[in-house]
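Residue numbers begin at 1 in each chain, while the letters A, B, ... track the order of the sequences.
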2 protein chains.
Amino acid sequence: MNIPAKSVGDGDTSGKRTHDYRVSCGSCRLNTLCLPIALDSTEVERLDNIIQRGRPLQKGEHLYQEGVSFSAVYAVRSGAIKAYRVTDDGREQVTGFYFPGEILGMDGISKNAHACSARALETSAVCEIPFSALQELSVQMPDLQRHFFQLMSREITEDQQLITLLSKNTAEERIAALMLSISSRNARRKLSATQFRLPMSRIDIGNYLGLTVETVSRVFSRLQKLDILEVSNKEIKILDLDGLNEIANVHVGDDED
Amino acid sequence: MNIPAKSVGDGDTSGKRTHDYRVSCGSCRLNTLCLPIALDSTEVERLDNIIQRGRPLQKGEHLYQEGVSFSAVYAVRSGAIKAYRVTDDGREQVTGFYFPGEILGMDGISKNAHACSARALETSAVCEIPFSALQELSVQMPDLQRHFFQLMSREITEDQQLITLLSKNTAEERIAALMLSISSRNARRKLSATQFRLPMSRIDIGNYLGLTVETVSRVFSRLQKLDILEVSNKEIKILDLDGLNEIANVHVGDDED
DNA sequence: CAGCGCCATTGACATGCATCAAGCCCCCAG
DNA sequence: CTGGGGGCTTGATGCATGTCAATGGCGCTG
């Protein structure tokens, strides 16, 4: 709700879907972050032609569900999406949060079926990029192919960072790292790096970071007491970016020899 | 640098190292698991032409190091490779183990520099696949492009499985899952699914699974006491595959209501 | 064959986080 | 304005796993 999809805000659902959800890539504010990066204008136009833009997702609505057949990847235009999978014993594991300009769904390529589910954390607009068309286009546009390889590779390295975080770091370090990640992703979009509203619940944060809600809450309280964060429900203000970095960096050099 | 081009295989080296490192993809025992899958024979030949095969890596030798510029991905032909990154505070995080038929190095694509290091856990043979050539070939061979997308996607979903494991599961469950993973990867290569030698140390296992050596050791002892595994140093025999599966599956349905 | 060093095992103890439980805050509906 | 419910916070307690320490086993080297 704090990031209304441009052109969508009024008279959303019901019959008259004549609204232009059809922001083109060429005019999209995010085209320097998203897929079109590294393409020239005629290429962007061709990419634009394969992309589908639908009505925005309401909070809680699914973009896709684990197991359903894979046909497209998605770019977030506004709002926020969480991806999660359900473990064998029925618990949920959040695997990622996706913000405007970011692309999700690539996990589905390998088995031709989505390996996670994705749902909107708040009202969100999303561009659907049919994968078969993207593949064909990639064959014709090597820059696009390369860029998409890079996007997938980035997803891999980010997952590996999370693995490291989960495997080695304390609750405090994990929360600090997440806050910094959100901060820098905001900065990328020219939003405030020090003040933002978390779109996800404490439960989701804990789930993502391998912690319980209670621990998440306690860590926020502690960081507030240390004057590193100011936390008011979902509203976060980073008061001491250096301090936060220090915590996330596992206090390099804290120990003797 | 540590993988001399294939033209170097015979002739150059002193003595009788006339081994042909020049196994071609067409004749490679692993070609149904590896990159060539889904390609017809003329395509395999073209792929084969870009692949470099060097002398084997000795135990402990690096295949590539974090930070060095990225130029190729690698397929394991024999032996075993571990991938790891070094955290900000200098500790190591193992991010994966790679066995014959598996491909590593895709993390380097996004930044054009390797995001992890890779070193041989035992004497290993590796095929080097120059990435720029692979990209060009992919443009000409859509099946190859698709397959490579799938490989990257598989890496993503596997990382996500590890994330879930680290975030939700107990030490016992993690070890059980790793043993099962190795078991099924052995089976894929037509080796025994129930008896094998671990190429990695307890330290590496613990590091990979977010546990200390001591915990790994204790879990092995416990599983042995339960007659689920027979452990003799690195030699593992799975005595009760179902039992192991049950442990890894987090005892579905163990709790009331 | 002896000695050294690394890896693995085992035990005793410490601790960070989970669990359980209670209460509070905020938002929304009526 | 008032009541209810979900999400968040805070406290008390327990447990799984980390930490520290000692010992054992195996392979390598001279």
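- Under 4.0 angstrom from either OP1 or OP2 of C:dG16 there lies no side-chain N or O belonging to A:Thr170.
- Here the P atom of nucleotide D:dA16 and the CG atom of A:Leu211 are 18 Å apart, to the nearest Å.
- Between the CD atom of A:Glu235 and the P atom of D:dT9 there is a distance of 13 Å, rounded to whole Å.
- In this model, a side-chain donor or acceptor of A:Glu214 finds a partner on the base of C:dC20 within 3.5 Å.
- At C:dT10, one or more side-chain N or O atoms of B:Ser221 fall inside 4.0 Å of OP1 or OP2 (strictly under the cut-off).
- Contact between the side-chain N/O atoms of A:Lys234 and the OP1/OP2 oxygens of D:dG7 is not found at any separation under 4.0 Å.
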Chi angles and distances behind the salt bridge (Lys or Arg N to Asp or Glu O under 4.0 Å) call for B:Glu173, B:Lys168: CA-CA 9 Å; B:Glu173 289 156 7; B:Lys168 293 248 175 325; over 6 Å; no

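- Proximity of B:Arg218 to the phosphate of D:dT17: no side-chain N or O atom is located under 4.0 Å from OP1 or OP2.
- For the pair B:Glu61 and B:Arg55, the salt-bridge criterion is met [side-chain N within less than 4.0 Å of a carboxylate O].
- Rounded to whole angstrom, the span from the CE atom of B:Met200 across to the C1' atom of C:dA8 amounts to 16 Å.
- Between the C1' atom of C:dA18 and the CD atom of A:Glu172 lies a distance of 17 Å, rounded to the nearest Å.
- The distance from atom CZ of B:Phe220 to atom C1' of C:dC7 is 13 Å, rounded to the nearest whole Å.
- As judged by a 4.0 angstrom heavy-atom cut-off over every strand, B:Ser201 is placed among residues touching the sugar-phosphate backbone only.
- Spacing between atom NZ of B:Lys59 and atom C1' of C:dC7 amounts to 10 Å, rounded to whole angstrom units.
- A salt bridge links B:Glu172 with B:Arg222: the distance from a Lys NZ or Arg NE/NH1/NH2 to an Asp or Glu carboxylate oxygen falls below 4.0 Å.
- At D:dG18, one or more side-chain N or O atoms of B:Thr212 fall inside 4.0 Å of OP1 or OP2 (strictly under the cut-off).
- Once rounded to the nearest 0.5 Å, the distance linking CG of B:Asn186 with CZ of B:Phe99 reads 7.0 Å.
- In this structure, B:Val216 and A:Arg174 both approach DNA chain C, and ranking their closest nucleotides by distance from the 5' end singles out B:Val216.
- Heavy atoms of A:Gly210 sit under 4.0 angstrom from primed sugar atoms or phosphate atoms, though from no base atom.
- In this structure, the CD1 atom of B:Ile203 is 8 Å from the C1' atom of C:dC6, given to the nearest Å.
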